[in-house]
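Accompanying notes for the structure given below.
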Amino acid sequence: MKRNLLGKLSLVALGFSLLVGCGSNVSTAGTDNTQEKKTIKFGTCPGPYADMVKYALKPSLEAKGYTIEVIEFSDYVQPNLALSKGEIDANLFQHEVYFENFKTEHNLELTKLINVPTAGLGIYSNKYKDLSEVEEGATLTVPNDVTNLRRALKEVQNAGLLTIDETVDVTAFSEKDITSNPLNLVVTGVEAAQLPRTLDSADLAAVPGNFALAAGMDLSSAIYTETLAEEMKNIIAVQTKDKDAQFVKDIIDVVESEDFKNVIEGSDYDFSAFQKPEWYTAKWGNKAQ
């Protein structure tokens, strides 16, 4: 109990939005389903999804009487682990394929709530203006985490630059599963957050949309952009034991609200170019990007 109290005081002292590095600990009490929750700790990563929490979710949740704390993590590992430990109450940073793979691998009791508008992965280049210009032996950087590696190389395949073995399970997929590489592209895996920086040296980079935006890149500058499958659109996740809690119902209510839609469709942020989930398109009649 003393340790949890100290953890709470530390979070207050650090302020509203915290940056948590790999391996860091965020101390807070676990969820008590016997009492009405008044504070929701949202885990996310710096960039557009942190902005989505702050500007599309936070105001409406505060109007419902909640205090919202946004806790930013610097990697894709800690947000699910922190959620599982009860250090945060919900997270928004990952697509469903990554989420399902991660929670199975780590045996976590987590549940998807709802898909949200998502920025697609793009192939970017400072050297080429069009895919038709790509030369033999060009260098290509891709994400090195297992789910986004296959995702990226599948899009490179869709762009017509190589062929992969799609029968290989996503958890076992590697660069060795490229079956045809007519341009002899030199493929290198890089931590996803670092991919924008590789454009200074690599000819091509397959960059997930959130990292492109976080690096100040214009999504429309991609020479190829993926069309996201529903399971590749980002989600909000909570602990399974909280899935029927009132604060969870209120999160869903806000995501499905007109206020959320107005922020997404507005011009103040980068969300309007995001690809919309199926429920969003069905509800609002907006054409998916």
Side-chain angles (χ1 to χ4, degrees), residues 17-21 42-59 70-79 91-99 114-126 128-129 140-145 147-149 151-152 155-156 159 190-200 202 204-237 255 260-277 280 286 288-289:
S17 181
L18 306 180
L19 181 64
V20 182
F42 251 103
T44 185
C45 291
Y49 301 105
D51 289 344
M52 189 176 289
V53 174
K54 293 172 186 175
Y55 305 123
L57 295 178
K58 178 178 178 286
V70 181
I71 301 175
E72 297 183 3
F73 296 84
S74 61
D75 62 42
Y76 271 15
V77 175
Q78 297 302 315
N91 67 38
L92 169 53
F93 75 100
Q94 66 195 321
H95 54 66
E96 188 172 356
V97 173
Y98 179 89
F99 171 71
I114 192 170
N115 295 81
V116 298
T118 305
L121 176 145
I123 300 175
Y124 297 85
S125 177
N126 290 340
Y128 304 121
K129 301 293 186 183
L140 166 68
T141 54
V142 296
N144 63 4
D145 64 277
T147 53
N148 281 309
L149 170 61
R151 170 192 182 189
E155 293 307 319
V156 178
V190 176
E191 184 182 350
Q194 303 304 317
L195 285 165
R197 297 181 182 180
T198 67
L199 284 168
D200 292 333
L204 301 158
V207 186
N210 58 316
F211 290 115
L213 288 169
M217 298 169 65
D218 182 350
L219 296 181
S220 66
S221 68
I223 60 175
Y224 175 87
T225 302
E226 74 176 321
T227 299
L228 288 168
E230 196 69 4
E231 64 269 19
M232 299 305 294
K233 292 170 185 171
N234 279 12
I235 66 169
I236 296 174
V255 173
F260 180 86
K261 171 186 174 290
N262 289 341
V263 174
I264 296 299
E265 300 292 341
S267 59
D268 291 340
Y269 308 102
D270 295 315
F271 308 132
S272 61
F274 285 21
Q275 297 178 44
K276 311 304 190 296
Y280 186 107
N286 291 44
Q289 298 293 322

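Just so you know, residue 1 is the first one in the sequence shown, and it goes up from there.
Nearest heavy atoms, Leu140 versus Ala206: CD1-N, 4.2 Å. Between Glu230 and Asn115, the shortest heavy-atom distance links the atoms O-ND2, 3.3 Å. The nearest pair of heavy atoms linking Pro143 to Ala152 is CD-CB, 3.5 Å. Between Ala119 and Tyr49, the shortest heavy-atom contact is N-OH, 2.9 Å. Residues Lys233 and Val116 share a closest heavy-atom pair of CB-O, 4.2 Å. The minimum heavy-atom distance between Ala159 and Ile123, with the atom names listed, is CB-CD1, 4.1 Å.
Ion pairing between a basic and an acidic side chain is recognised when a charged N comes within 4.0 Å of a carboxylate O; Glu72 and Lys54 show such pairing.
Side-chain contact between Phe271 and Pro117 is absent, with no heavy-atom pair separated by less than 4.5 Å. Side chains of Lys261 and Lys276 form no contact here, defined as non-hydrogen atoms less than 4.5 Å apart. Within the 4.5 Å cutoff, the side chain of Asp51 has no heavy atoms near those of the Asp270 side chain. Residues Asn148 and Leu121 have side chains not in contact (no heavy-atom distance under 4.5 Å, counting atoms from C-beta outward). Side-chain contact between Leu57 and Val255 is present, with heavy atoms from C-beta onward closer than 4.5 Å. With contacts defined as side-chain heavy-atom distances shorter than 4.5 Å, the pair Met52/Ile264 qualifies. For the pair Pro208 and Leu195, the minimum side-chain heavy-atom distance is below 4.5 Å. A heavy-atom distance below 4.5 Å is found between the side chains of Leu199 and Met217.
Interatomic distance, Asn234 CG to Leu228 CG, rounded to the nearest 0.5 Å: 8.5 Å. Separation of atoms CZ (Phe42) and CG (Asn91) is listed at 8.5 Å; rounding is to 0.5 Å. One distance of note links CG of Asn144 with CD of Gln194; it measures 10.0 Å at 0.5 Å rounding.
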**Study point:** Intermediate values then yes/no, side chain to side chain contact (heavy atoms under 4.5 Å, CB included), Leu219 and Tyr124
**Key:** CA-CA 9 Å; Leu219 296 181; Tyr124 297 85; 3.5 Å; yes
Practice item. Would you sort out whether Leu213 and Phe274 count as a side chain to side chain contact (heavy atoms under 4.5 Å, CB included), showing the intermediate values? Key: CA-CA 11 Å; Leu213 288 169; Phe274 285 21; 3.4 Å; yes
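For the pairing with Gln94, the side chain to side chain contact (heavy atoms under 4.5 Å, CB included) check across Thr44, Asn210, Ile235 returns one residue only, Ile235. The salt bridge (charged side-chain N to carboxylate O under 4.0 Å, His left out) with Arg151 is formed by just one residue from the set Glu96, Glu231, Glu226; it is Glu226.
Evaluation of the side chain to side chain donor-acceptor pair (under 3.5 Å) rule for Tyr128 yields Glu135 as partners, not counting sequence neighbours. Qualifying salt bridge (charged side-chain N to carboxylate O under 4.0 Å, His left out) partners for Glu155, counting only residues two or more places apart in sequence or in other chains: none.
Ring-centre distance between Tyr76 and Phe211: below the 6.0 Å cut-off.
Using bins of under 30°, 30° to 60° and over 60° for the plane-to-plane angle, the ring pair Phe260/Tyr280 lands in the perpendicular bin.
No donor-acceptor pair under 3.5 Å is formed between the side chain of Gln78 and the backbone N or O of Phe73.
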